[in-house]
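In this chain, residues are counted from 1 in sequence order. What you see is a predicted model; the values in this text were computed from it and never measured.
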Amino acid sequence: MPFISPEIEYIENSNNTIRYLEHGWPSKLCRWHAHEEFELHLVTSSHGRCFIGDYIGEFQAGALFLTGPNVPHNWITDKSYRKKIPIRDMLLQFKFQNINHFLQAFPEFQEIRTTLNMARSGIEFIGYDEKLAHDFLVKVRDSNGPKRVFAFLSFLMSVHDHKDKKILSTSMISQPEDGSKYMRIANIIDYISKNFAEDISLTQAADMTGMSIASFARNFQKVTGKKFVEFVNRIRIGEACSLLYLSDKQISTICYDVGFQNLANFNRHFIKIKKMTPTAYRNLARHELSENKKIEHVS
C-alpha cells in the first residue's frame, strides 16, 4: 500500500499575523496535512485519535496541542459520534518569521523559543485548563489590532509556562541561532537524524561537540527533553514508523534498517515508545488514515 502523504496547505497572505479558525466534524479541514505555520489547536468536543508526525495517540475534549512548521497532523473523531459536531476545533496559526521578529525586538520574551523549538516535534499540553484555553481563543477571535496580538501573546506565554508538556513526534528539532551552545546540540540532532542506523555512542557525540560527556548529556537533555540514548531510539523508531506505512518491508528488515541489532530489542523499544506493536501500528495508521480520506470525499 502506498504511503499516505500529507496534503500541503498554503494559507492565503493577509495583513493579519495571526489566523483564527474554528470548524466542526466532519469537515474538509480535518485531513492529514501540513503547512508552514505554527498551529495552537484546542479540541473542544469528542474523542478519538490524533496523528502528529509519526505519533499516534488518543485525544479527549479539552486537549491542547502546538504543532510546528511542516509537521503533518490530523485529529480523527471516534466513529461512535454519529451526529455532526458544530464546533470541534478552535485554533490559531502564526508564522515563525513574525514571532521571530517580535522575539528579536523584545529579548524579554526569548524564553518562548524553548517551547517553539519543542513544537517542531509537536506538543500536547497535558492538563491545561480547557476553559482558560477557550477564553484565550475567544479573546483572540473577537479582538482586532494590537489587542488581538496582546491576547495571542498572553496565550502563548501561558502555554509556555505550563509545566506538563508532552513531546509527540520524532521530527527533528529546528536549529537554534548561530553562536549559541545549542547550535552544537542541534548539529548532533541533525547528524543523528541522517545517520540513525549507525552505532552512535554518547562519548562519540560529546567528542563531536567538543563538550565533556557530563556537559553534553546535560545540555542535550535540556534542548531535546530526552536523554541521549532515548532520543536516538526515538529517531530510529520514528524512521521505522515511516517505513511501516511507506513500504511493505518485513518488520525484521525494518528493524535492522533503522539501526537495531536484534528484533526483540526493536520490538521492546517500539512498544515502549508507541504503546503498540509494529504490526498494530502499520495496520492502524493505514486503516484510520484511509478511512479519513473516505470521510473527506463524502463530506
Side-chain angles (χ1 to χ4, degrees), residues 4 6-12 14 16-53 55-95 115-116 118-119 121-143 148 151-152 154-156 158-159 162 165-166 168-169 285 288-289 291-299:
I4 304 172
E7 177 180 339
I8 305 301
E9 179 178 81
Y10 296 96
I11 296 173
E12 295 181 3
S14 81
N16 295 323
T17 57
I18 305 152
R19 185 192 193 204
Y20 173 83
L21 285 171
E22 61 183 43
H23 59 79
W25 172 268
S27 167
K28 292 182 179 179
L29 294 176
C30 300
R31 65 198 187 282
W32 180 237
H33 71 290
H35 43 71
E36 66 175 348
E37 289 77 13
F38 283 87
E39 182 168 303
L40 189 51
H41 192 122
L42 174 68
V43 182
T44 63
S45 180
S46 80
H47 61 80
R49 290 189 179 272
C50 63
F51 295 77
I52 296 175
Y55 173 79
I56 296 178
E58 305 290 332
F59 74 83
Q60 303 287 335
L64 182 65
F65 301 87
L66 178 63
T67 56
N70 303 312
V71 177
H73 51 274
N74 193 16
W75 289 264
I76 300 176
T77 288
D78 192 88
K79 293 177 181 178
S80 62
Y81 284 83
R82 305 290 183 184
K83 297 181 180 180
K84 290 185 177 181
I85 302 170
I87 298 179
R88 192 200 67 168
D89 306 85
M90 300 173 69
L91 57 107
L92 300 175
Q93 294 175 335
F94 58 97
K95 291 185 177 181
T115 295
L116 296 179
M118 291 172 64
S121 300
I123 304 170
E124 182 177 1
F125 300 95
I126 306 297
Y128 191 89
D129 189 306
E130 179 182 1
K131 184 179 184 305
L132 182 61
H134 180 273
D135 290 347
F136 272 127
L137 285 160
V138 168
K139 194 168 184 178
V140 173
R141 181 193 68 191
D142 296 343
S143 300
R148 183 183 179 93
F152 161 71
S154 296
F155 192 13
L156 192 59
S158 179
V159 298
H162 188 70
K165 301 181 184 74
K166 180 181 178 182
L168 304 178
S169 176
E288 296 219 11
L289 290 175
E291 284 295 310
N292 191 232
K293 287 285 184 181
K294 295 177 184 177
I295 291 173
E296 291 172 23
H297 290 308
V298 299
S299 61

Quick one: closest heavy-atom pair of L168 and I123, and the distance? CD1-C, 4.0 Å

Expected output: side-chain R148 to main-chain I18 donor-acceptor under 3.5 Å: yes

Would you name the heavy atoms of Y55 and K166 that are closest together and state the gap between them? OH-NZ, 3.2 Å

Check: V71 main-chain N/O paired with H73 side-chain donor or acceptor under 3.5 Å: yes

When rounded to the nearest 0.5 angstrom, what distance separates NE2 in H23 from CG in D89? 4.0 Å

Between F136 and A151, the two heavy atoms sitting closest are CD2-O, 4.1 Å

Neighbour count >12 (heavy atoms, 6.0 Å) for atom NE2, H47: yes

Are the side chains of L64 and L40 in contact, using a 4.5 Å heavy-atom criterion? yes

Is there side-chain contact between Y20 and M90, with heavy atoms separated by less than 4.5 Å? yes

Taking the side chain as everything from C-beta on, heavy atoms only, tell me whether F155 gets closer than 4.5 Å to D135. no

Qualifying residue, where the test is side chain to side chain donor-acceptor pair (under 3.5 Å) with Q93 and the options are E39, E36, H41: E39

Mind listing the closest non-hydrogen atom pair of T44 and I87 along with its distance? OG1-O, 3.0 Å

Which heavy-atom pair separates S169 from G53 by the least distance, and what is that distance? OG-CA, 3.6 Å

pair S27-R88: side-chain heavy atoms closer than 4.5 Å: no

For the residue pair F38 and F94, does the interplanar ring angle fall in the parallel (under 30°), tilted (30 to 60°) or perpendicular (over 60°) class? parallel

Roughly how far, to the nearest 0.5 Å, is the CG atom of L92 from the OG1 atom of T17? 10.5 Å

Between K165 and H162, what is the shortest heavy-atom contact and its length? NZ-O, 2.6 Å

Interatomic spacing from CZ in R19 to CG in L91 - rounded to 0.5 Å: 8.0 Å

Set of side-chain contact (heavy atoms from CB on, under 4.5 Å) partners for D129, sequence neighbours left out: K131, L132

In the structure I gave you, are the side-chain heavy atoms of F51 and P72 within less than 4.5 Å of one another anywhere? no

Are any side-chain N or O atoms of R31 and backbone N or O atoms of L29, one a donor and one an acceptor, separated by less than 3.5 Å? yes

Quick one: which of W75, Y128, F125 gives a side-chain contact (heavy atoms from CB on, under 4.5 Å) with F65? W75

About how many Å separate OG1 of T77 and CD1 of I85, when rounded to the nearest 0.5 Å? 4.5 Å

Say you draw a straight line from SG of C30 to CG of N74; how long is it, rounded to the nearest 0.5 Å? 6.5 Å

